[in-house]
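Heads up, the thing below is written out as structure tokens.
Letters go in sequence order (proteins before strands), and every chain restarts at 1.
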Amino acid sequence: MVCKLSTRLMNICVASFCKVQQLERAEAVIVDAIRLGTLPDVVTYNTLVAAYCRFVDLDAGYSILNRMTEAGIYPNVITYNSLIAGASNRSLLSRCFELFDEMIMLGITPDVWSYNTLMHCFFKLKKLDEADKVFDDILMSKLSPCSTTFNTIFNGLCKNGHANNALKLYRYYKKNGFIPQLITYNILIDGLCKSGRLRAARWVLKELGESNLEPNASTYTTVMKYCFRSGQFEEGMEVFYEMKNKGYTYDAFSYCTVSSAFAKIGRLEEAHKCYELMVEKGIELDIVCYNILVNMYCIGGRLEEVYNLLNEIEQAGLKCDEYTHTTLIDGLCRAGNIDGALKHLRYMDTLGFDSNLVAYNCMVDRLCKAGYINKALKIFGTMDVRDCITYTSLVHNLCKERRFFTASKVLLACLNQGMKVFRPTQRVVLKGLRSSGLDSEARKLQAKIRLARILQ
DNA sequence: GTAGGGTTAG
């Protein structure tokens, strides 16, 4: 009984240190406990696995699994769920599946948490059918889906551009007894805002207002961002102040949202002030905060300082991501250094990011605007992946140069891919073709546009 | 031990 109590006490101490990222002290507690005759149990090791996955890396978490096995303690479903979650959070998605299989091979039965995380992974990989199969597996097994299962589905649908379906499903489950939580509302409001379903987003927000739940910092940041995106700057700032009045302390999320909104409308001093406040409040800067600062300097043409900042990022032990590089490429173009931007784009290609699409889109647009439209067309020709922004940008710039025939060809290629170009741009192409006497090309394009609208 | 908000381009 005494031993049991001391194991519990040891685990409480270990968990407390792990929670505040003091892993060495957590380990020291275990060493002391062993010296006093208390051995760590599965709970101790699971706490360490979760902490190492969270604060160090997946391999560090996995090495704890080896340590516990050597100590004769067998992992359980919680051990593996922590490892799977660790892999998922670090976007090591193939590792998630490997760990899931490993768990089953060891005879450990997955629980609803394991399935939820697995489903989340499939959504991250945009494999909606596979995610759906996991949900079927939950239903077919003796497990019951929990609120996180439903929230994971809503979130996965929203993140994959199906906010509408998420909303429909939410209504259906709500009718059948699902009780929404604050996180459910936050997921739906954000998803609907991002997909432009603003009326529906307001409706869900109203539903939240009528519920007994109180919006939190996450809700406020989402709504604030929607205001900024739709050009309602003052309204966005009102949300920011309301958030403070409600007693929420600003965090990196809210500061970043406001700072980038200021930068976007050219109020760089105020944008920088937000950043300074963030530092003053002791908020640890992550790569997103730095990216906003990089963008701020790029907009202000302070390229020298951007390079200093890149060093600072490295010194802080952070890694530049695709946002950092894309922002820098755009900044170089903005400063007229097209060659430097092209060179950096090539360099970015070697870094192995999942997608350099935005960087390429920046390059295409900036090349056009700098008068190098043929160079832009050449880059466009080398792109493996294009989206509606690539096409819209190129078509728009070709029209500005009165190259309507080429614009029409690019637009047709876009429609053939099942993508849309901004409607006013489509009209400019048609008008331009007709005014240039290219009536048959105009008719062909018009027919294609109509067909594309029907097929939408 | 799972799920939500912040950064880039038209």
Shortest side-chain distance from A:Cys388, nucleotide among B:dG10, B:dA3, B:dG5: B:dG10
Answer yes or no for this row: A:Phe253 ring on B:dG5 base, centroids under 5.5 Å, planes under 30°. yes
Looking at A:Asp251 and B:dG6, is any side-chain donor or acceptor paired with a base atom of the opposite kind under 3.5 Å? no
To the nearest Å, how far apart are A:Ile265 CD1 and B:dT7 C1'? 17 Å
Regarding the side chain of A:Thr326, the nearest nucleotide among B:dT8, B:dT7, B:dT2 is B:dT8
Pairs touching residues 40-64 of chain A that satisfy ring-ring contact (aromatic ring centres under 6.0 Å, His included), sequence neighbours left out: none
Indicate, yes or no, whether a donor-acceptor pair under 3.5 Å links the base of B:dG6 to the side chain of A:Thr257. no
With sugar-phosphate meaning primed atoms plus P, OP1 and OP2, does A:Asn46 contact a base, only sugar-phosphate, or nothing at under 4.0 Å between heavy atoms? nothing
Taking only Lys NZ, Arg NE, NH1 and NH2, and the carboxylate oxygens of Asp or Glu, determine whether A:Asp339 and A:Lys343 approach each other closer than 4.0 Å. no
Return the nearest nucleotide to the side chain of A:Thr148; candidates are B:dA3, B:dG5, B:dG10. B:dA3
Check the phosphate of B:dG5 against A:Lys225, side-chain N and O only, distance under 4.0 Å to OP1 or OP2. Yes or no? no
Phosphate-side-chain proximity, A:Lys264 and B:dG6, N/O vs OP1/OP2 below 4.0 Å: no
Can you find a donor-acceptor pair, distance only, under 3.5 Å between A:Thr327 side chain and B:dT8 base? no
Under 3.5 Å, is there an N or O donor on one side and an acceptor on the other linking the side chain of A:Asn397 and the base of B:dG10? no
Atom-to-atom span, OH of A:Tyr220 to C1' of B:dG5 - whole angstrom: 14 Å
Which is true for A:Ser82 with a 4.0 Å heavy-atom rule: it touches a base, it touches only sugar-phosphate, or it touches nothing? sugar-phosphate
Length of the CZ-C1' vector between A:Phe122 and B:dA3, whole Å: 17 Å
Test item: A:Ser211 side-chain N/O and A:Leu208 main-chain N/O as donor-acceptor pair under 3.5 Å: yes
Of all the nucleotides listed (B:dG5, B:dG10, B:dT7), which has the minimum atom distance to the side chain of A:Val288? B:dT7
Backbone of A:Gly331 reached by a side-chain donor or acceptor of A:Tyr297 within 3.5 Å: no
Return the nearest nucleotide to the side chain of A:Asn116; candidates are B:dG5, B:dG6, B:dT2. B:dT2
How many Å lie between CG on A:Leu328 and P on B:dT8, as a whole number? 15 Å
In whole Å, what is the span from the CZ atom of A:Arg334 to the P atom of B:dT8? 10 Å
Assert yes or no for the condition that the ring centre distance of A:Tyr170 to A:Phe150 is strictly below 6.0 Å. no
In this structure, how many angstroms lie between the P atom of B:dA3 and the CG atom of A:Leu182, rounded? 16 Å
Nucleotide of B:dG6, B:dT2, B:dG10 approaching A:Lys194 most closely (side-chain heavy atoms): B:dG6
Would you say A:Thr148 and A:Asn151 are linked by a side-chain donor-acceptor pair, where the criterion is simply a distance under 3.5 Å? no
Once you apply a heavy-atom cut-off of 4.0 Å, does A:Ala359 come out as touching a base, just sugar-phosphate, or nothing? nothing
So, under a plain 3.5 Å distance rule, would you say the side chain of A:Thr117 forms a donor-acceptor pair with the base of B:dT2? no
What's the CZ-P distance between A:Phe178 and B:dA3, to the nearest Å? 16 Å
Under 4.0 Å between a side-chain N/O of A:Lys124 and OP1 or OP2 of B:dT2, yes or no? no
Looking only at side-chain atoms of A:Asn89, point me to the closest of B:dG10, B:dT2, B:dT8. B:dT2
Considering only B:dG5, B:dA9, B:dT2, which nucleotide approaches the side chain of A:Val358 most closely? B:dA9
Proximal nucleotide (of B:dT7, B:dT2, B:dA9) relative to the A:Cys362 side chain: B:dA9
Applying a 4.0 Å non-hydrogen cut-off, can you work out what A:Cys289 is touching in the nucleic acid: base, sugar-phosphate, or nothing? base
Nearest-Å distance for atom pair CD1/P, residues A:Ile183 and B:dA3: 8 Å
Quick check against the 3.5 Å criterion: does A:Thr326 have a side-chain atom that pairs as donor or acceptor with the backbone of A:Tyr323? no
